[in-house]
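Just the heavy atoms: all of them, side chains too, but no hydrogens, waters or symmetry mates, feed the values below. Bear in mind the structure is a predicted one, so any value in this text is a computation, not a measurement.
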Amino acid sequence: MSASAARHFTKITGVRAERLQDITDEDCFREGITDCDYGGMQCFVYGLQKGLFFDELGTTPIKAYAALIDKINGKGTWDSNPFVWVYDYKLIDKPKQTL
């Protein structure tokens, strides 16, 4: 995509390898896990859209994320605890054009 068509710009501020299961609750929320109230009980989900649960509930953000990872990458991915690349970034203003 050309820069003129982009709505958002990011700057990579760090890259590191870590084990999948080293993810924190805060990281899970950044990955799209959301919290909800399910019959008076707090739960965590992925795939929540228009009030419908598309996929599994979790009692913690990490359990919900583990279910998501297994759905995307195949059952057992979470348990195998592979190394993953973690990219830290920040949103920036549109970069200045240089010639």
Side-chain angles (χ1 to χ4, degrees):
M1 170 186 298
S2 68
S4 63
R7 294 178 296 187
H8 303 287
F9 297 89
T10 59
K11 178 178 181 180
I12 303 297
T13 59
V15 179
R16 66 187 181 284
E18 67 180 37
R19 291 286 190 171
L20 179 61
Q21 293 180 16
D22 289 340
I23 194 167
T24 65
D25 287 351
E26 185 177 305
D27 293 334
C28 290
F29 292 125
R30 289 183 184 140
E31 292 288 336
I33 300 301
T34 57
D35 61 339
C36 66
D37 182 291
Y38 186 70
M41 178 184 79
Q42 184 180 25
C43 60
F44 301 89
V45 297
Y46 63 91
L48 183 67
Q49 184 175 344
K50 297 181 183 176
L52 300 173
F53 296 107
F54 289 160
D55 287 300
E56 298 179 30
L57 302 173
T59 55
T60 68
I62 291 175
K63 286 182 181 179
Y65 186 72
L68 174 61
I69 285 297
D70 279 350
K71 181 174 179 98
I72 292 171
N73 296 297
K75 188 173 181 170
T77 301
W78 177 260
D79 290 336
S80 70
N81 198 22
F83 278 100
V84 295
W85 290 106
V86 178
Y87 290 84
D88 297 315
Y89 66 92
K90 66 179 182 177
L91 293 177
I92 60 171
D93 293 329
K94 187 173 184 175
K96 295 179 181 175
Q97 300 261 339
T98 58
L99 298 176

Which distance, rounded to the nearest 0.5 Å, do you find between the [atom1] of [X] and the [atom2] of [Y]?
{"X": "Q21", "Y": "I69", "atom1": "CD", "atom2": "CD1", "value": "11.0 Å"}
{"X": "I33", "Y": "D25", "atom1": "CD1", "atom2": "CG", "value": "10.5 Å"}
{"X": "C28", "Y": "D35", "atom1": "SG", "atom2": "CG", "value": "12.0 Å"}
{"X": "R19", "Y": "N81", "atom1": "CZ", "atom2": "CG", "value": "5.5 Å"}

How would you list, by chain and number, every residue that makes a salt bridge (charged side-chain N to carboxylate O under 4.0 Å, His left out) with D27, sequence neighbours excluded? R30

What residues, two or more places apart in sequence or in another chain, satisfy salt bridge (charged side-chain N to carboxylate O under 4.0 Å, His left out) together with E18? R16

Are more than 12 heavy atoms, taken from residues, nucleotides or ligands other than F29, located less than 6.0 Å from that residue's CZ atom?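 More than 12 heavy atoms, drawn from other residues, nucleotides or ligands, come within 6.0 Å of this atom.
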
Under 3.5 Å donor-acceptor pairs involving side-chain atoms of residues 72-79, not counting sequence neighbours:
residue, atom, partner, partner atom, Å
T77, OG1, N73, O, 3.2
T77, OG1, G74, O, 2.7

Do V86 and L20 land in one hydrophobic cluster if side-chain heavy atoms of ILVMFWY residues count as linked below 4.5 Å? yes

Under 3.5 Å, sequence neighbours excluded: what are the donor-acceptor pairs made by side chains of residues 7-15?
residue, atom, partner, partner atom, Å
T13, OG1, D88, O, 3.3

Should side-chain heavy atoms under 4.5 Å link Ile, Leu, Val, Met, Phe, Trp and Tyr, which residues sit in the same cluster as F83? none

